[in-house]
K.L.:
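Below you'll find the structure I mean.
We count residues from 1, following the sequence as given.
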Amino acid sequence: MKRILGTSLLFTVLALQSVTAAPALSIAKFCDASISQVEGEVVALAEAMPSDKYEFAPTSGDFKGVRTFAQQMLHIATVNYSVSAAALGEKMPVTVGKGENGPDGIKTKEAIVKYLKDSFAYAHKAANSITAENYMEMVKTGPNRTSTRAALIAEPVWHSNDHYGQAVVYARMNGIVPPASRR
């Protein structure tokens, strides 16, 4: 156990050293690659879920008030837009909507998948703006709130993975094996 922890710690330190000592382009590539990984899984799942299951939300058990599959995808996309806009120092390009589920007019599977893909394209733009000089810079994220650009760029990864896990459960409850599990 100590050996595993020691090895993990060593790799973490080496990774942090290489990221902090790397040229600006390498930091952007690292951030961009992280977003690409989660994008591939989330978009593939959104495309795999049949359109007639987009309004599915679990009902048995303690699931009162949870997002539907469509709302999970819309929420991922809206948060991608929000944190990417903050990292870029730009005005939010979309309406946040109720519960951070995006604009009300996005209803069909095709429109949701497009919105999701576009949000990841915007997240890539933000990731590619990260440099050695600006990644620890504090930026305004809301009234009386700030964050580093690095934390904002990390959010599409951890946040998308959180909701992806929930969406995988929805897919499996409907007999859909997630594309990432088919490999």
K.L.:
Please name all residues satisfying salt bridge (charged side-chain N to carboxylate O under 4.0 Å, His left out) with K107, sequence neighbours left out, ordered by chain then number.
P.N.:
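Applying salt bridge (charged side-chain N to carboxylate O under 4.0 Å, His left out) to K107 gives none.
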K.L.:
List, by chain and number, the other hydrophobic cluster members for M138, where Ile, Leu, Val, Met, Phe, Trp and Tyr join if side-chain heavy atoms come within less than 4.5 Å, directly or indirectly.
P.N.:
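Besides M138, the cluster holds no residue at all.
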K.L.:
How many angstroms lie between atom CG of L74 and atom OG of S119, to the nearest 0.5 angstrom?
P.N.:
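It comes to 9.5 Å.
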K.L.:
When you look at CE of M173, are more than 12 heavy atoms from neighbouring residues, nucleotides or ligands closer to it than 6.0 Å?
P.N.:
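It does: M173 CE has more than 12 such atoms within range.
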K.L.:
Using the ring-ring contact (aromatic ring centres under 6.0 Å, His included) criterion, which residues pair with Y164? Sequence neighbours excluded.
P.N.:
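In terms of ring-ring contact (aromatic ring centres under 6.0 Å, His included), with neighbours along the sequence ignored, Y164 is linked to no residue.
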K.L.:
Is T148 reaching over with its side chain to a backbone N or O of M136, donor-acceptor style, under 3.5 angstrom?
P.N.:
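It does not hold such a pair.
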K.L.:
Which donor-acceptor pairs under 3.5 Å do side chains of residues 91-101 form with protein atoms, sequence neighbours excluded?
P.N.:
from : atom 1 : to  : atom 2 : distance (Å)
N101 : OD1    : R67 : NE     : 2.9
N101 : ND2    : K98 : O      : 3.4

K.L.:
Are the side chain of N134 and the backbone N or O of T131 linked by a donor-acceptor pair below 3.5 Å?
P.N.:
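Pair found, side chain donor or acceptor close to backbone of T131.
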K.L.:
Suppose we screen for ring-ring contact (aromatic ring centres under 6.0 Å, His included). Which residues come up paired with H124, at least two apart in sequence or across chains?
P.N.:
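For H124, no residue satisfies ring-ring contact (aromatic ring centres under 6.0 Å, His included) once neighbours in sequence are set aside.
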K.L.:
Run through the side-chain heavy atoms of Ile, Leu, Val, Met, Phe, Trp and Tyr, join any pair under 4.5 Å, and report what else lands in V139's cluster.
P.N.:
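In the cluster with V139 are V79, V83, L152.
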K.L.:
So, the side chain of S36 versus the backbone of D32: is there a donor-acceptor pair under 3.5 Å, distance only?
P.N.:
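The answer is yes, because a donor-acceptor pair under 3.5 Å joins these two groups.
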K.L.:
Partners of Q166 by side-chain contact (heavy atoms from CB on, under 4.5 Å), sequence neighbours excluded?
P.N.:
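Listed in chain order: Q72, D162, H163.
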K.L.:
Under the side-chain contact (heavy atoms from CB on, under 4.5 Å) rule, collect the residues that match up with R145, sequence neighbours excluded.
P.N.:
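Only T141 meet the side-chain contact (heavy atoms from CB on, under 4.5 Å) criterion with R145.
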K.L.:
Please list, chain by chain and in numerical order, all residues satisfying salt bridge (charged side-chain N to carboxylate O under 4.0 Å, His left out) with K140, sequence neighbours excluded.
P.N.:
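K140 satisfies salt bridge (charged side-chain N to carboxylate O under 4.0 Å, His left out) with no other residue.
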K.L.:
Is there a side chain to side chain contact (heavy atoms under 4.5 Å, CB included) between Y54 and I112 once you walk through the steps?
P.N.:
CA-CA 10 Å; Y54 261 61; I112 292 168; 3.7 Å; yes
K.L.:
For Y81, check ring-ring contact (aromatic ring centres under 6.0 Å, His included) against everything at least two apart and list the hits.
P.N.:
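Only Y115, Y122 meet the ring-ring contact (aromatic ring centres under 6.0 Å, His included) criterion with Y81.
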K.L.:
Got a sec, which pairs hit salt bridge (charged side-chain N to carboxylate O under 4.0 Å, His left out) with one end in residues 50-61, sequence neighbours left out?
P.N.:
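Every pair satisfying salt bridge (charged side-chain N to carboxylate O under 4.0 Å, His left out) with a residue in residues 50-61: there are none.
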K.L.:
With rounding to the nearest 0.5 angstrom, report the CG to CG distance, N80 to D118.
P.N.:
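One finds 11.0 Å between CG of N80 and CG of D118.
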K.L.:
With sequence neighbours left out, what residues match K117 under side-chain hydrogen bond (donor to acceptor under 3.5 Å, both in side chains)?
P.N.:
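In terms of side-chain hydrogen bond (donor to acceptor under 3.5 Å, both in side chains), with neighbours along the sequence ignored, K117 is linked to E47.
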K.L.:
With a 3.5 Å distance limit and no angle check, can you tell me whether R172 reaches the backbone of V177 through a side-chain donor-acceptor pair?
P.N.:
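Looks like no, no N/O pair under 3.5 Å.
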